[in-house]
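To start, the structure under review is shown below, and the notes come after it.
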4 protein chains.
Amino acid sequence: MTDISDPPSPPSRHQRRSEATRARILEAAHRHFVAVGLDGARMETIAAEAGVNKALVYRHFGGREQLYREVLRRAYEKVRQAEVELSLPEDPVEALDRLVAFTFQYYIDNPDFLILVGIENLNGGAHLRRVGQEGLHVSSLLDILRRILDAGVARGIFREGLDPMEFYMVVASQCWFTVATSHTFGITFDVDVLSPGSIARRRALICDNVRRYALRDPDRWNAGAGDAPSA
Amino acid sequence: MTDISDPPSPPSRHQRRSEATRARILEAAHRHFVAVGLDGARMETIAAEAGVNKALVYRHFGGREQLYREVLRRAYEKVRQAEVELSLPEDPVEALDRLVAFTFQYYIDNPDFLILVGIENLNGGAHLRRVGQEGLHVSSLLDILRRILDAGVARGIFREGLDPMEFYMVVASQCWFTVATSHTFGITFDVDVLSPGSIARRRALICDNVRRYALRDPDRWNAGAGDAPSA
Amino acid sequence: MTDISDPPSPPSRHQRRSEATRARILEAAHRHFVAVGLDGARMETIAAEAGVNKALVYRHFGGREQLYREVLRRAYEKVRQAEVELSLPEDPVEALDRLVAFTFQYYIDNPDFLILVGIENLNGGAHLRRVGQEGLHVSSLLDILRRILDAGVARGIFREGLDPMEFYMVVASQCWFTVATSHTFGITFDVDVLSPGSIARRRALICDNVRRYALRDPDRWNAGAGDAPSA
Amino acid sequence: MTDISDPPSPPSRHQRRSEATRARILEAAHRHFVAVGLDGARMETIAAEAGVNKALVYRHFGGREQLYREVLRRAYEKVRQAEVELSLPEDPVEALDRLVAFTFQYYIDNPDFLILVGIENLNGGAHLRRVGQEGLHVSSLLDILRRILDAGVARGIFREGLDPMEFYMVVASQCWFTVATSHTFGITFDVDVLSPGSIARRRALICDNVRRYALRDPDRWNAGAGDAPSA
DNA sequence: GATGAATGAGGATTCATTCAT
DNA sequence: AATGAATGAATCCTCATTCAT
């Protein structure tokens, strides 16, 4: 945040406090937007949870929409960051499993993200569009996907010509659906989709499906390798 | 709604008009809830679009929540109905394709349903839970799924022991994700997910994936059979 | 208000009550706008003074601007009405005096009108313009002015070719200034412009000035005829 | 403002800068108060237009009311100054014309003044009263008026016993009304009161009226002498 | 003198809901 | 069944003003 380039002037106490306030507001806003949605959110509540005055929220962010946009932007920033930090195994098949496990776990651990994206889609993507595609750093994700596919192809074990974006869809859709529709799915089928057992089974299933999608000869690899590594 | 069981007394003019009014309100409410969400919806707007007085909406449905619940219930009723009416081919592999095509197309043609379910999941399923699992007629869906799987197993071409609910997840998740996150996905990857070409490709991909999931020996069936049947 | 033309249906209790409410709001709004100006006025206060709910004011008038506009329109309607009801003497010179006396007295008795017009001029006439020139019924005023001038010319005692609008300006300006700037004028010159004595003197002065303006031979008419008739 | 009386110490750089800031704030405040009125004015806007911080406005003037008062005081100071600098012709009749022309033109050129005085009268003169009558330097105006009247009387061409304040009213009222109610008057009568032609005609009319008021024998002086002298 | 951060109070407008007819 | 009037409780956002630096 504080750039180390030109002038050595350290941030004044004013600036530091302001920065901290801004961060507190953002966190409160994130929590609140996630909890009750864009329309349901109350500026008053956000301010109160941030421990500041309502007017200050306006001063810092200009209004509810802009605040929401910033929250959204940061949520995307965070996923992409996590993806970048993801260390993939050399072995392409293990990499598939790792990608699925990571994606699934990220959704489970960060329902916030799913919720924000859900809100956004209900909104027709209006706010994300204003964030701008550049802010979404998708190339870093595509790099990762390509690296996995290329490695598999190089070793002659993946099908050729797979499209990274489609590959991503195959992975993400099943993880996404599991978590994002867990409530309605659970009610409809009278099951607990997010119980540890269900999750482990589901992850293994998705790993299998992804292998079947990517591998030239899935049967050579014993299915079930995606089995609950920790649970 | 009007039950045909006991007395022969035909509905009075009053009753018929009332029934029609109720239907108009429900349609208006459906449209409005879908358009702007639960929190965004205004009783005034619903009443106006139904061409009736606000107070009448209250008389008929008691309040905004109940109205929403009824809208939700009917949306589920409608999918299940469509599923029941779905005529499946004898051939199990064709049945897979048909199920995918139907599911995908239903989501495309009825974004309302995805939106309502999306809203519901953001809400933690609170309203759907009050509708009650009975109202969701899931057994008719499970019947269909089982019928397909059983037929495939009977002919020795499907893997054995596949779980209908998991099978459904494999089908639904990829269709769902494609449509339900089309806005954010489209913005992120800078593509038009719902263009006719994209849809056809995506459907073929999902068909392939589902075959790979269900079939004992996917390679015997030439991939790409799911290619745009009509479009 | 209730037109006697077509249907004999008497206003329902609802309608009558609503009409009365509307009137109460308008009166309260008039008082409040006059007291504190357009920007200073509080919808809350208006509602409270009308004995109704704030929201009802919006229901009836749509908003603060429209409410103000209606108040303004009615104020103009009232002056024009008073002018129409003004009975002018046959004698043209007496008519001049009468017109001055009426105009002066109207301003003194209805500072509301001056205040509203003052507000409006500070606003660049924006709201009056939206009322529309038709709503101002200026022709009835011009008729009166013309009648006076024509009578004087017919008797050969007024100058010919006088313009009604200019004539009006000569009359109104001096009355207007006296009342409308009474506070600053009074403070500047340390006098009480609106004391009964001052008013009587000022009226006589204006009458004289108007006679000098209109009459062909002012000296034939003993000045001071405008002297305080009542005070 | 900076008094030249006692000590020789020249203003420090600090003081000079402060003085300039103060002036900038006053100018911004003047413009803004004139533009949107007392209630409509925003401290933020004034500060921004002055290019300074809001808090600085408070430091310099203590608050919005005091700032307004100072603006008002300066506006009066400026008129009186202009009046003092007015060079009157020897000839009393020409002096009348000159006074009218000056007064009229001042109002046209300085709508600010009319607006501030208008605001003040809507306020009941509350702020002007706090400025204090001494601050208004009315005696210099009265001197001028008396000088004109006395000259006319001395030459035997003006009526005797004319009161300076009444004389002023006769002059000012017609100029004032023309400019101060130009918007509502224009809308009501559907004319452009401030077009060059209208102004010239109006000035001539007022000159005539003032002559008729002051002169013992107005007919000896050809009317219309007030015709657009320069414009 | 000058600044940016922060506050508290207010004020317009909206809305779900109820009432009287 | 259906309506229009009326209400009370929010909720967003703005502003004058003060504080800390």
Worksheet item: Hey, does the side-chain of B:R59 have a donor or acceptor N/O within less than 3.5 Å of a partner on the base of F:dA1?
Response: yes
Worksheet item: Between C:H60 and F:dG4, is there a side-chain N or O to OP1/OP2 distance below 4.0 Å?
Response: no
Response to the item:
Result for 5'-nearest mapping on DNA chain F, choosing between C:V52 and D:R64, is C:V52
Worksheet item: Starting at CG of D:D39 and ending at P of F:dT14, how long is that distance when rounded to a whole Å?
Response: 18 Å
Worksheet item: Listed by chain and number, what are the side-chain contact (heavy atoms from CB on, under 4.5 Å) partners of A:R129, not counting sequence neighbours?
Response: B:H183, B:I187
Item to complete: Please examine the side chains of B:I46 and B:R42, heavy atoms only from C-beta on, and report whether any two atoms are closer than 4.5 Å.
Response: no
Item to complete: Check whether any side-chain N or O of C:S18 sits under 4.0 Å from OP1 or OP2 of F:dA5, and answer yes or no.
Response: yes
Practice prompt. Would you indicate what C:A20 reaches in the nucleic acid, counting non-hydrogen atoms under 4.0 angstrom: base, sugar-phosphate, or nothing?
Written response: nothing
Worksheet entry | Length of the line joining A:Q66:CD and F:dC13:P, which is rounded to integer Å | 9 Å
Item to complete: Rounded off to whole Å, could you give me the CD-to-P distance for the C:E44 and E:dA9 pair?
Response: 16 Å
Worksheet entry | Selection from E:dT3, F:dT3, F:dC12 that lies nearest to any side-chain heavy atom of A:M43 | F:dC12
Fill in: Protein-nucleotide distance (D:Y58, atom OH; E:dG4, atom C1'), rounded to Å
15 Å
Worksheet item: With side chains defined as the heavy atoms from C-beta onward, is the minimum distance between D:E120 and D:Y68 less than 4.5 Å?
Response: yes
Worksheet entry | Interatomic distance, C:L56 CG vs E:dT14 C1' [rounded to whole Å] | 14 Å
Practice prompt. May I ask you to verify if any side-chain N or O of D:R42 is less than 4.0 angstrom from the OP1 or OP2 atom of F:dA16?
Written response: yes
Discussion item. At less than 4.0 Å, is any side-chain N or O atom of A:R17 found next to OP1 or OP2 of E:dA5? Yes or no.
Written reply: no
Practice prompt. From the options C:V52, C:I25, C:L26, C:L67, select the one residue that forms a side-chain contact (heavy atoms from CB on, under 4.5 Å) with C:H60.
Written response: C:I25
Worksheet, complete the sentence: C:R22 atom CZ is separated from F:dG4 atom C1', nearest whole Å, by 15 Å
Worksheet item: Can the ring centroids of C:Y76 and C:F113 be said to lie less than 6.0 angstrom from one another?
Response: yes
Worksheet item: Does CD belonging to A:E77 count more than 12 external heavy atoms closer than 6.0 Å?
Response: yes
Discussion item. Can you see if the side chain of B:T21 gets near the phosphate of F:dA2 - specifically, an N or O under 4.0 Å from OP1 or OP2?
Written reply: yes
Worksheet item: CG of D:N53 versus P of F:dT17: gap in Å, rounded?
Response: 15 Å
Worksheet entry | Main-chain N/O of D:H127 paired to D:R69 side chain as donor or acceptor, under 3.5 Å | no
Item to complete: Would you kindly check whether a donor in the side chain of C:K54 faces an acceptor in the base of E:dG11, or vice versa, at under 3.5 angstrom?
Response: no
Item to complete: State whether C:E70 and C:R73 are salt-bridged, where the test is any N-O pair (Lys NZ or Arg NE/NH1/NH2 against Asp/Glu carboxylate O) under 4.0 Å.
Response: yes
Worksheet entry | Stems where DNA chain F pairs, listed by first number, each of three or more Watson-Crick or G-U pairs under 3.5 Å | E:2-21 with F:2-21
Worksheet entry | Nearest-Å distance for atom pair CZ/P, residues B:F61 and F:dA2 | 12 Å
Discussion item. Once you apply a heavy-atom cut-off of 4.0 Å, does A:A41 come out as touching a base, just sugar-phosphate, or nothing?
Written reply: sugar-phosphate
